[in-house]
Amino acid sequence: MPDHSTNGAAIAAALRETFAAWRGDAEGVQVVRAPGRVNLIGEHTDYNDGFVLPMTLDRAVYVALRARSDDRLRLRSLNFDEEVVLRLGKLPETPPAHWATYVGGVLCELHRRGEVTSGMEMLLFGEVPLGAGLSSSAALTVAVAVAVENLTGSPRDPAETARLCRHVEHTYVGVQCGIMDPFVARLGRAGHALFLDCRSLDYRHVPLPLDQASIVLVDSGVKRQLAGSKYNERRAECAEAVAHFQQHDPSIQALRDVSPALFEQKKEGLPDVIRRRAQHVIEENARVEEAVRRLEAGDLQGFGACMNQSHESLRDLYEVSCPELDFLVESARQTPGVFGARMTGGGFGGCTVNLVEKLSAEGFWLDMVDQYEKRFEREATVYLVEENVEAGAIKRSFS
Ligand code: GLA
């Protein structure tokens, strides 16, 4: 069976009960969530000032929060069954990728900005799978930032929340990620994908045809161990390409500014690897714009073709795929009812995203799990996305 998300109101009610068992009562506790995401197209373009088209999932990170009258921050993760206690303005002494580093990083930054002025107690629960490339970390940092906003009652510019969360990943966690993940976790809308210009941060919500097609995520189970270092390596390669094109046009600031024509004229002199990295980014940006046109015109075949091309480019030019992801994409493309398939997220493991005719979705995922097991002797987990949610408070239901 595909792994299903639980109803948000049921999770919020269970969190309040757990909170009461933990702290004696749940008076004044507010529950907020922020969703994980899947990127439909536009991979490794965000940190090149380019275009992306992610959507939120139906799975989120939930935060149950209330203020304290002293300067203690009492944080508890249900997923890890761990508690960390801090003083206001202090960072935890946890390793960079530890959940408390993300949470403590956000709280420290917000304390510095004067948004966090008292202690708090915070219970955390996430249903976004970890290490699957579905951005559980952005869901976590955004959920904490939105929870604080909800508690203090002073709204913050949503784009500023996304920048803050990216800053926490850069500074405290050490991954030089782009703006896409926190931006869509904060600003994604139910029933829509989000078309984002990562330079201007202009965006548009694009309706998803969820009545006709399902988004099926197939998790290869390959964890992205090297993802951090390889990711930073790709960023450095893009910077090298930018330096090359700047010699021809000093106004170029990012690969976003290199047109396909300029690339063709001036690619000589670039080392082969750097040329391929740049080609991927330049063509992928154009593909996102094309894919958005197709989606808005209701052309799912055309949209799927863009997804397929994106995968080939990530595999051959940007080299961030792996045999398991390539196998899942190849098998999907041979299955009837599949509009398009590609790896999604940073790469080197994680999930494929498949756009599948709604009525064919069940046969499709059953077939994928079967074929994957025969080929790799391991189980693929399937996430069937038939609806998606947005960030915000979950109001208490008294019915
Ligand atoms: C990771 C990063 C994103 C983005 C993708 C690749 O998910 O967190 O910012 O760069 O990789 O598209």
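As the structure lists them, so they are numbered: ligands from 1, and atoms in each ligand from 1.
Checked against the 6.0 Å centroid threshold, Trp22 and Phe19 count as a close aromatic pair.
Remark: Gln301 pairs with Asp299, Phe339 by the side chain to side chain contact (heavy atoms under 4.5 Å, CB included) rule, at least two apart or across chains. Taking the side chain to side chain contact (heavy atoms under 4.5 Å, CB included) definition, one finds that Thr94 meets it with Pro92, His98, Ala100, Thr101, sequence neighbours left out.
Protein heavy atom nearest atom 8 (O) of ligand 1, with residue, atom name and distance: Asp181 OD2, 2.7 Å. Among protein heavy atoms, atom 1 (C) of ligand 1 sits closest to Tyr231 CE1, 3.8 Å. In terms of protein heavy-atom proximity, atom 9 (O) of ligand 1 is nearest to Asp46 OD2, 2.6 Å. For atom 7 (O) of ligand 1, the closest heavy atom belonging to the protein is Arg37 NH2, 3.0 Å.
Interface of Met180 with ligand 1, defined as ligand atoms under 4.0 Å from a residue heavy atom, comprises 4 (C), 5 (C), 12 (O). Less than 4.0 angstrom separates some heavy atom of Gly178 from each of these atoms of ligand 1: 9 (O).
Neither the backbone nor the side chain of Arg235 comes within 4.0 Å of ligand 1, counting heavy atoms alone.
The minimum heavy-atom distance between Lys358 and Ser214, with the atom names listed, is CG-OG, 3.7 Å.
At a 3.5 angstrom cut-off on N or O pairs, Tyr47 does not count as close to ligand 1. Geometrically, ligand 1 and Ile179 share no nitrogen or oxygen pair separated by less than 3.5 Å.
Ring planes of Tyr318 and His44: tilted class, angle from 30 to 60°.
For the pair Arg23/Arg74, a side-chain contact is recorded, criterion being any heavy-atom separation below 4.5 Å from C-beta on. Ser313 is listed as a side-chain neighbour of Arg287, based on a closest heavy-atom distance under 4.5 Å.
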